[in-house]
Amino acid sequence: MSTAIEAHLQELRDRQALQDVMLRYAAGVDERDFALYRSCFAADVEVLDFGPEPFHGVDAWVAHVEQALAAFAATQHLLSPQHAVIDGDRAVTRSDVQALHTLADAPDTTFILWATYETEMDRVDGDWRISRHRLVPRFSRTQGP
């Protein structure tokens with residue numbers, strides 16, 4: 001097989017793997033599977049704009065997410081197809097998200113967020129991991145009685 005074909009096949013494999021990271025991310029949150037969610041991140045991940053201060057490190061980030069999700073009876077994160085720019089073992093991706101959150105203390109009330117995830121990933125030991133993750137809110141609405 002030619003070098004050009006091999007390079008193209010590797011890019012396709014990388015694109016699928018990058019998309020799979022974000023699909024595991026959404027599934028981990030929505031299923032409250034924090035081991036799955038944690039597997040998406042590099043140990044030294046930096047997370048921006050999910051609160052007033054950045055989060056540094058996977059332990060701090062996952063602990064925050066687990067605590068924040070306690071306010072919701074259920075969530076559903078719907079992701080768009082991902083745009084990715086891959087440069088060797090580094091990738092910059094963009095995924096649009098619509099996230100529905102049913103409030104635990106008001107089950108007839110839903111908080112809806114439209115946003116974009118700007119995510120940088122690095123290949124770590126052969127697997128893609130999120131190294132920097134940023135939320136860019138677009139619009140939100142609370143619906144209910």
Visitor: First locate atom OG of Ser140, then atom CZ of Phe111, and finally report the distance between them rounded to the nearest 0.5 Å.
Guide: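 Ser140 OG to Phe111 CZ: 4.0 Å, rounded to 0.5 Å.
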Visitor: Does a donor on one side chain and an acceptor on the other come within less than 3.5 Å for Thr119 and His133?
Guide: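 Result is yes, a qualifying pair exists.
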Visitor: State plainly whether the residues Asp33 and Arg24 are in salt-bridge range, i.e. N to O under 4.0 Å.
Guide: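 A salt bridge is absent here (no side-chain N lies under 4.0 Å from a carboxylate O).
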Visitor: Are the charged groups of Arg38 and Asp59 less than 4.0 angstrom apart, N to O?
Guide: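 The answer is yes: the pair qualifies as a salt bridge.
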Visitor: Should Tyr117 and Val97 count as side-chain neighbours, where that means a heavy-atom distance under 4.5 Å?
Guide: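 They are in side-chain contact.
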Visitor: Mind telling me whether His101 and His77 have parallel, tilted or perpendicular rings, with 30° and 60° as the class edges?
Guide: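 Perpendicular: the ring planes of His77 and His101 meet at over 60°.
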Visitor: Does a side-chain heavy-atom distance below 4.5 Å link Thr116 with Arg138?
Guide: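 Yes, their side chains come closer than 4.5 Å.
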Visitor: Heavy-atom count check: over 12 atoms from other residues, nucleotides or ligands less than 6.0 Å from His64 NE2?
Guide: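 Check passes, neighbour count above 12.
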Visitor: Within the 4.5 Å heavy-atom criterion, are Thr75 and Leu69 side-chain neighbours or not?
Guide: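 Result yes, sub-4.5 Å side-chain heavy-atom pair found.
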Visitor: Please determine whether the number of non-hydrogen atoms from other residues, nucleotides or ligands lying under 6.0 Å from atom CG of Asp87 exceeds 12.
Guide: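 No, CG of Asp87 has 12 or fewer neighbouring heavy atoms, counting only those of other groups under 6.0 Å.
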Visitor: How far does CZ of Phe41 sit from CD1 of Ile130, to the nearest 0.5 angstrom?
Guide: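 Between Phe41 CZ and Ile130 CD1, I get 4.0 Å after rounding to 0.5 Å.
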Visitor: Taking side chain as C-beta onward, heavy atoms only, is His83 less than 4.5 Å from Thr93?
Guide: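 A side-chain contact under 4.5 Å is absent here.
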Visitor: Do Gln10 and Arg13 have a side chain donor and acceptor closer than 3.5 Å?
Guide: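 A donor-acceptor contact under 3.5 Å links the two side chains.
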Visitor: Do the side chains of Glu118 and Arg94 get close enough for a salt bridge, i.e. N-O under 4.0 angstrom?
Guide: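 No, no charged N to carboxylate O under 4.0 Å.
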